[in-house]
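To keep things clear, I will list the structure first and then write my remarks on it.
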Protein chains: 2
Amino acid sequence: MAEPHRRTVRDLRRSNRSTVLTKLYFEGPLSRQELGPLTGLSSGSISNVAGELIADGLVEDAGSVDSDGGRPRTLLRVAPGSGQLVGVDVGETRVRVELFDLTLTELARADLPLPPDGHDVERVVRLIGEGLQQVMRQVPSATGLLGIGVGVPGIVDSGSVVHGQTIGWDAVPLGSLLRASGQLPLDIPLFIDNGAKTLGRAEMWFGAGRGARNAVVTLIGSGVGACVIADGVPYQGASSSAGEWGHTVLQVVGGRPCRCGSRGCLEAYVGAEALLERWRERGGTWAAPDEEGALAELLAAADAGPLLDETAEYLGAGLADLVNLFNPERIVVGGWAGLLLGPRLLPAVREAAASYALRHPFAGTSLVLGQLGPDAVTVGAATLPLARFLEAGGAVRGRVATASG
Amino acid sequence: MAEPHRRTVRDLRRSNRSTVLTKLYFEGPLSRQELGPLTGLSSGSISNVAGELIADGLVEDAGSVDSDGGRPRTLLRVAPGSGQLVGVDVGETRVRVELFDLTLTELARADLPLPPDGHDVERVVRLIGEGLQQVMRQVPSATGLLGIGVGVPGIVDSGSVVHGQTIGWDAVPLGSLLRASGQLPLDIPLFIDNGAKTLGRAEMWFGAGRGARNAVVTLIGSGVGACVIADGVPYQGASSSAGEWGHTVLQVVGGRPCRCGSRGCLEAYVGAEALLERWRERGGTWAAPDEEGALAELLAAADAGPLLDETAEYLGAGLADLVNLFNPERIVVGGWAGLLLGPRLLPAVREAAASYALRHPFAGTSLVLGQLGPDAVTVGAATLPLARFLEAGGAVRGRVATASG
DNA sequence: CTACTTAACTCACGCCTTGAATTTAGCCGT
DNA sequence: ACGGCTAAATTCAAGGCGTGAGTTAAGTAG
């Protein structure tokens, strides 16, 4: 419990390996010389640690910069091919399995359709296993699988048990089931987290959240969610269900009923499903069979102005709550509906948020659109074992892990 | 930036000193034998570290438990007198300075009244200095001052700069001013934080929040605030203003105007000031000149039922937001008004919160009343240097620190 | 008084970081 | 081509730390 491993002198080395590896991962090729000040380690230790990492194949030479006179600095970088990661997205209509190298460049992908009624647990487990075998077959050189991350729709408790109302899962021990299925290599670290949260992680690592230590990634799709990053790490709460922004109360008296059973939730105004319903109530119609098409038609409609303005007002109020409660330096608006609505709504949303939020924290917050599409769930999922890998200084291979991070 | 001090082998010792000291502080007298498993250290290291701490006077013998046969275990505890702490509460009407021993038992106190118009910065600085000298004079044996914590009304940025709307402070560099005043010993760690947050810390360390890692301490007084504890540490946000729960939006359409300039804030319904105003609008009257007396009269009035029920509804919705967003294991309702209203309102509030919050996170949250009165601000303030002291394994004396934690 | 039991201490061993001294690697002027 | 120069990278002695087995200390039971 109390701070994991840092008692012995060997943990020190592990920790130093980790900082060096992490710095190299995020701040590109660096010379040993730069690494010193950046990590706070002495030149001697940098040499030692770097030498070890190179010997382990995790770090490689990346050319050198020649200075006028004097030995040129050798640049070091994380070797992309020294390990692979798998990200899985259990979506509404399909299971997607993607294989990445260490820099999260895609190596292979497999999409396995799911029937409409289809979130039968056993089937999902089987599809994940199949997808995994497919991508591994496509890339025979992938011999150093470092871990698997799975994004699922629902609340993930204890890093393994899934409660998914929308797909009819109640306390499904997905982690154990996957392990027991025999479909995935034993001894490979397995991580499970909510899909929205993995998407948030992806935005933080590679998208609009990059560099921020305190941020909120909002995800507006059919419903509404959020991923809160506190001091650089996703905040989970007591039972990993923190960030349920969609059911923030915005209207105690006279609130619209929400599908969660309550009234006046943000999601009852701003989610795509609710937005379309509100348009229908006002006489709006659309031709597209799917929500995305319908929402696009709504946006294009001449008479949707008042509805959109009202939506911006509610969204602004919801964002103001985030500003007041979390005081983030950045709020990223993501999710397919958020990205669709964003360009049209953002100015009005900003104005509304400014009026509802406190001046001081609002002034320190920037409100931006997400840079990654909804497909980044797999990237974010792969980020889970990657984070563990970096934290452990690259010493994970073959070790079992279950906790989510 | 990246994880403060843990590179060298001496930092390891510091860290282990810290865990031993912290365990002893919170889990009472312990034998070396128990300390081993609890800290993950070997018997040899426990002996070493304990010996060092005893030699430094920070830890002392606390008797022994005799077992049948075999050498009895010696119990160890933190020596209460090995250091003192000062907590300061800059309140509405007075500055209070309190001197504590290491277990936060009060040794002396000084109350210095502040005139009604009186939050002139220089005067406050002078009063703090005077109070400090008074308490130090009262306890001549207090020769090991470990640090000073100050709780102020307002947002504290960078651990030193205060923005206090209510007292007319705009970016006041209180930390520098105090140091420059010459009124307090140099080289003594000084910490400044929002008074509500220090109260929250006090509840977490010694009150209703004890033992929880994820909790929210709400503070309902004239206004409404909250202190969020994420993974055991108070969450600050990007500019230390996280937890501004009072201005959560509960009524977008038709919301009551709030003193913050917005509309529909929680504080516009639930704060004592707003509650009394709402009572007045409904024809309520009271005799007491102060808010506390007035609120007591309101509670006793026969016809305040509907108003209180409505208040419970709003408060419940506000708490539900906290449950959904933070997923705490515990919510503590504190602040003078909260403690006054609590016994009457809590059942209805709980019911309302249950209806607005999501089932899963709500089921994991307990809603309890605070155990400490509003006077605990000084205790919470003293907790700031104490936390630093424990983190540093007792090696702080004489070192300067400014960051808040 | 002896045998037994358990707590606490000691110390050889292996590992770590530091920082100065040393080696390595490329550039420049002659 | 060659030595001189500069700066990067490595090496290594010194100082520390935690571990865990062995040793000493401090009681009880008979």
(request) Would you please name every residue forming a side-chain hydrogen bond (donor to acceptor under 3.5 Å, both in side chains) with Arg13(B), sequence neighbours left out? (result) Glu52(B)
(message) Between Ser43(A) and dT10(D), is there a contact of a side-chain N or O with OP1 or OP2 at under 4.0 Å?
(response) no
(message) With a cut-off of less than 4.0 Å, is there a side-chain N or O of Ser45(B) near OP1 or OP2 of dT19(D)?
(response) yes
By salt bridge (charged side-chain N to carboxylate O under 4.0 Å, His left out) - contacts of [X] (at least two apart):
| X | value |
| --- | --- |
| Arg32(A) | none |
| Glu34(B) | none |
| Arg330(A) | none |
| Glu329(B) | none |

(message) Heavy atoms only, 4.0 Å cut-off, all strands: where does Thr74(B) land among base, sugar-phosphate and nothing?
(response)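 Result for Thr74(B) = sugar-phosphate.
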(message) Please classify the nucleic acid contact of Asn48(B) as base, sugar-phosphate, or nothing, using heavy-atom distances under 4.0 Å.
(response)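 Asn48(B): no heavy atom of the nucleic acid under 4.0 Å.
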(request) Say whether, by atom type as modelled, one donor and one acceptor occur between the side chain of Thr8(A) and the main chain of Arg10(A) under 3.5 angstrom. (result)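 Checked: pair present.
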Hey, could you give me each pair passing ring-ring contact (aromatic ring centres under 6.0 Å, His included) that has a residue in [range]? Not counting sequence neighbours.
| range | answer |
| --- | --- |
| residues 58-81 of chain A | none |
| residues 14-72 of chain A | Phe26(A)-Trp205(A) |
| residues 56-79 of chain A | none |
| residues 35-55 of chain B | none |

(request) Identify, between Ser42(A) and Leu75(B), the residue whose nearest nucleotide on DNA chain C lies closer to the 5' end. (result)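 By nearest-heavy-atom nucleotide position, the 5'-most residue is Leu75(B).
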(message) Here's a test of your reading of the structure: between Gly44(B) and Gln33(B), which maps to the more 5' nucleotide of DNA chain C?
(response)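 The 5'-side residue here is Gln33(B).
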Within this structure, what is the [atom1]-to-[atom2] distance between [X] and [N], rounded to whole angstrom?
| X | N | atom1 | atom2 | result |
| --- | --- | --- | --- | --- |
| Glu52(A) | dA9(D) | CD | P | 18 Å |
| Arg14(B) | dG16(D) | CZ | P | 14 Å |
| Arg17(B) | dG18(D) | CZ | P | 11 Å |
| Arg10(B) | dG18(D) | CZ | P | 12 Å |

(request) Encode nucleotides 24-30 of chain D as B, S and - characters from 5' to 3', where the letter depends on protein heavy atoms closer than 4.0 Å: B to the base, S only to sugar-phosphate, - to neither. (result) -BBBS--
(request) Could you tell me, to 10°, how much the axis swings from one end of the helix from dC1(C)-dG30(D) to dT30(C)-dA1(D) to the other, five pairs per end? (result)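 Nearest ten degrees gives 10° for this helix.
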(request) Please find the earliest and latest nucleotides of DNA chain C, in the 5' to 3' direction, that have an atom within less than 4.0 Å of any heavy atom of chain B. (result)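 Range of nucleotides touched by chain B: dT5(C) to dT17(C).
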(request) Would you kindly compare Gly51(A) and Val9(A) by the position of their nearest DNA chain D nucleotide and give the one closer to the 5′ end? (result)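 Residue closer to the 5' terminus by nearest nucleotide: Gly51(A).
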